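This report refers to the structure that appears directly beneath it.
Here is how names work: the chains are called A, B, and so on, in the same order as the sequence lines, proteins then strands, and each is numbered from 1. As the structure is a prediction and not an experimental result, all values here were calculated from the model.
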Amino acid sequence: MSSKIQTVKGTREFYPEEMALRNFIYEKVRAASQSFGYQEYDGPFIEAIDLYAAKSGEELVKKQSFTFQDRGGDFVTLRPELTPSLARMIAAKQGELTFPARWWSFGPFWRYEQPQKGRSREFFQWNLDMLGVNSPEADAELIAVAATFLRSVGLTPELATIYVNNRRLMDSEFDALAISTEKRMDVSNLVDRRSKMESAKWDSYALELGLSQTQLDGLKNILGNFELWKNSEELTRLFSALEALGVSEYVKFDPNIMRGLLYYTGTVFEAFDTSGSVKRAILGGGRYDNLLADVGGQPLSGVGFAMGDVVMGIVLKEKDLLPEFTPSPAPVLVTVFEESLLRESYSLAAELRRAGLKVLCYPEPAKLQKQFKFADKMKSRVAVTLGPDEIAQNRVAIKNLANGEQTIVARASAFESIQKILASLQA
RNA sequence: GAGCCUGUAGUUCAAUCGGCGGAGCGCCACACUGUGGAUGUGGAUGUUGUGGGUUCGAACCCCAUCAGGCUCCCCA
């Protein structure tokens, strides 16, 4: 044991079963993205630390990113997010791209955090952004893509909800309460923590931050007002667009949604699993109007969201929404009767593969019993046996493993018989 | 970065007060020398996460360390 080298803390190993889950998420992500006309792209996995230091709180970047010196002495970072790379890529080709640009990506990211349930140091994330347009209807489209994904994996509106708020709306409400601009950060933080604290404690914490009793009462009033969106033209248009897109049953206004990110300027949203054990957001995003200027581009607004695979995987498992795992992608197993007939089995398997089937052939002679047990464990659908009797008659034995029926057919029609069985099992 | 809990066979978990480390499931073999799932019989499996200490004696107590979990922090 002591000589075994453990995995690096917070990293993940993808055994075939976990890999199947990751690919399942990837396929659904791709389908949702593409159905709205988004293009797949990717950025570098390693970036200069300065790319992130520019726009996020430096302490966070330094504390929670994988940063190290390369052999040339430069400080590099395993990317903790994609948006800054995207902003740079867009800025570099701003003159030649066609806008609005709709891009999506699914790849690995790293954050140096305390691993917990739903949070590892290495994770995959879906990013989807629309750049070059600034309208509530564009925001609605992003939310609709997210909802489409949720629906496609079986997370119905009863199981998952996307909560929406608007930074500009909150700012104007804060203005009305005469909360100074210096306190806005603290107040956002305060709002974020509301669900985690007892209300009395939260109140005294708010007063400690320097809010007056009147401001605190006003703030509580705002946070409890779920009709507040009607004061915002942006949100009114957003909800109307969501209705047209057919996803409004997924979306609710919630003035408590703030999101930590500094760069959000308008619509913000977060999706939650409403019934499970994971209290973390399963996806989140919003509108950012000033991001490109920070990396040297002309002002260009955008809206985007991200979803991690770790929380999504837990949610799907808890809701039993994963497709059955099949240990082998090949539904057909060709057995090996005895050593002298191994080549016969190999060439039969090759024939079937050329005909278009996915075929597993036992790679050494073994008891048929053992081979059938193997077929069972691998969840093969059909077992093909080629023994001395069959060879003498130029036939093969084909067994439907779902119902145990075996037929002996001419070798030339083996493919056809197998196809028929597989087709019947599909239905 | 801080606090708390956990770590025993492939796996899930036992092991009385510090006194011989076991069970279910799984695995292997046989019943069954041309056929899986069921059943029965038999069998294998361990440096008790790692390193040190206390003790006649440690899975159990102490220290350190690694990993996982919960909470705080944070969540780009």
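Note that the CD atom of A/Glu158 and the OG1 atom of A/Thr161 stand 9.0 Å from one another [nearest 0.5 Å].
Rounded to an integer number of Å, the gap from A/Arg121 CZ to B/A67 C1' is 11 Å. At whole-Å resolution of the value, CG in A/Leu78 and P in B/A76 are 19 Å apart. Rounding to whole angstrom units, CG of residue A/Asp186 and P of B/C73 are separated by 14 Å. Note: CD (A/Glu81) to C1' (B/C74) measures 14 Å, nearest angstrom. Between the C1' atom of B/C75 and the CD1 atom of A/Ile257 lies a distance of 14 Å, rounded to the nearest Å. Put simply, CZ on A/Arg280 is 8 Å from P on B/C70, counting in whole angstrom units. Going from atom CZ of A/Phe372 over to atom P of B/U33 covers 15 Å, rounded to whole Å. One interatomic measurement links the two molecules: CZ of A/Arg88 to C1' of B/A76, which rounds to 16 Å at whole-angstrom precision.
With hydrogens and angles ignored, no donor-acceptor pair closer than 3.5 Å exists between the side chain of A/Gln371 and the base of B/U35. Remark: the A/Glu390 side chain and the B/G34 base include a donor-acceptor N/O pair separated by less than 3.5 Å. Residue side chain A/Asp376 reaches the base of B/G36 through a donor-acceptor N/O pair under 3.5 Å, judged by distance alone.
Sequence neighbours left out, the pairs with a member in residues 368-379 of chain A that pass salt bridge (charged side-chain N to carboxylate O under 4.0 Å, His left out) are A/Glu324-A/Lys379. Sorted by first and then second residue, the salt bridge (charged side-chain N to carboxylate O under 4.0 Å, His left out) pairs involving residues 141-152 of chain A (not counting sequence neighbours) are A/Arg102-A/Glu141, A/Arg151-A/Glu249.
No contact: A/Gly284 has no heavy atom under 4.0 Å from any strand. When heavy atoms are screened at a 4.0 angstrom cut-off, A/Gly286 is found touching no nucleic acid atom at all. At the heavy-atom level, A/Phe374 lies nowhere under 4.0 Å from the strands shown. At a threshold of 4.0 angstrom between heavy atoms, the contacts of A/Ala402 include nucleobase atoms, whether or not backbone atoms are also involved. No engagement by A/Arg381 is indicated, since no non-hydrogen atom pair under 4.0 Å with the nucleic acid exists.
Spacing between B/A14 and B/C74 at atom C1', rounded to whole Å, works out to 40 Å. Between B/C25 and B/C70, the distance separating the two C1' atoms is 29 Å to the nearest Å. Taking atom P on both nucleotides, B/G37 is separated from B/C30 by 14 Å, rounded to a whole Å. B/C32 and B/G24: their P atoms are spaced 25 Å apart (whole Å). Taking the C1' atoms as reference points, B/U45 lies 6 Å from B/A9, given to the whole Å. Taking atom P in both B/C20 and B/C63, one finds a spacing of 25 Å when rounded to whole Å. On the P atoms, B/A59 is 7 Å away from B/U48, given to the nearest whole Å. Nucleotides B/G10 and B/C72, compared at atom C1', are 37 Å apart to the nearest Å.
Taking a 4.0 Å limit (strictly below) on heavy-atom distances, residues 311-336 of chain A does not reach RNA chain B anywhere.
Checked options A/Leu386, A/Val384, A/Leu368, A/Leu360; the residue passing with A/Thr335 is A/Leu368 (criterion: side chain to side chain contact (heavy atoms under 4.5 Å, CB included)).
Using cut-offs of 30° and 60° on the angle between ring planes, the pair A/Tyr26 and A/Trp104 is tilted. Relative ring orientation between A/Tyr41 and A/Trp103 is described as tilted, the plane-to-plane angle lying within the 30° to 60° band. Using the six-membered ring where Trp is involved, A/Phe124 and A/Phe14 have ring planes that are perpendicular, over 60° apart on the 30 and 60° scheme. Ring geometry, A/Tyr362 versus A/Phe374: the interplanar angle exceeds 60°, so the pair is classed perpendicular (tilted spans 30 to 60°).
Nucleotides of RNA chain B nearest to A/Lys9 and A/Trp110 differ in position, and the one nearer the 5' end is that of A/Lys9.
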Where do N or O atoms of nucleotides 2-7 of chain B meet protein N or O atoms at under 3.5 Å, pair by pair?
none

So which protein nitrogen or oxygen atoms get under 3.5 Å of nucleotides 29-31 of chain B's nitrogens or oxygens?
from, atom 1, to, atom 2, distance (Å)
B/C30, OP1, A/Lys367, NZ, 2.9
B/C30, OP2, A/Lys367, NZ, 3.4

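Among B/C28, B/U35, B/G34, the nucleotide with an atom closest to any side-chain atom of A/Lys377 is B/C28. Comparing B/G34, B/C75, B/G69 by their nearest atom to the side chain of A/Arg111 picks out B/C75.
Remark: RNA chain B forms stems of 3 or more consecutive Watson-Crick or G-U wobble pairs, all pair distances under 3.5 Å, at B:1-7 with B:66-72, B:10-13 with B:22-25, B:27-31 with B:39-43, B:49-53 with B:61-65.
In this structure, A/Asn189 does not reach the B/C73 phosphate: none of its side-chain N or O atoms is under 4.0 Å from OP1 or OP2. Between A/Arg119 and B/C74, a side-chain N or O to OP1/OP2 separation shorter than 4.0 Å is absent.
Of all heavy-atom pairs between A/Lys317 and A/Leu21, the closest is CE-CD2, 4.0 Å. Closest heavy-atom contact between A/Gln406 and A/Ala397: NE2-CB, 3.7 Å.
Checked by atom type and distance alone, the side chain of A/Arg395 never pairs as donor or acceptor with a backbone atom of A/Ala414 at under 3.5 Å.
Within 6.0 Å of CG in A/Asp70 there are more than 12 heavy atoms belonging to other residues, nucleotides or ligands.
In this structure the side chain of A/Glu390 reaches within 4.5 angstrom of the side chain of A/Ile408, judged on heavy atoms. The shortest side-chain heavy-atom distance between A/Phe45 and A/Leu78 does not fall under the 4.5 Å cut-off. Using a 4.5 Å heavy-atom cutoff, the side chains of A/Cys361 and A/Arg353 are in contact.
Using modelled atom types and a 3.5 Å distance limit, the side chains of A/Tyr264 and A/Asn165 yield no donor-acceptor pair. Using a 3.5 Å distance cut-off with no hydrogens or angles, the side chains of A/Thr265 and A/Asp289 do pair a donor with an acceptor.
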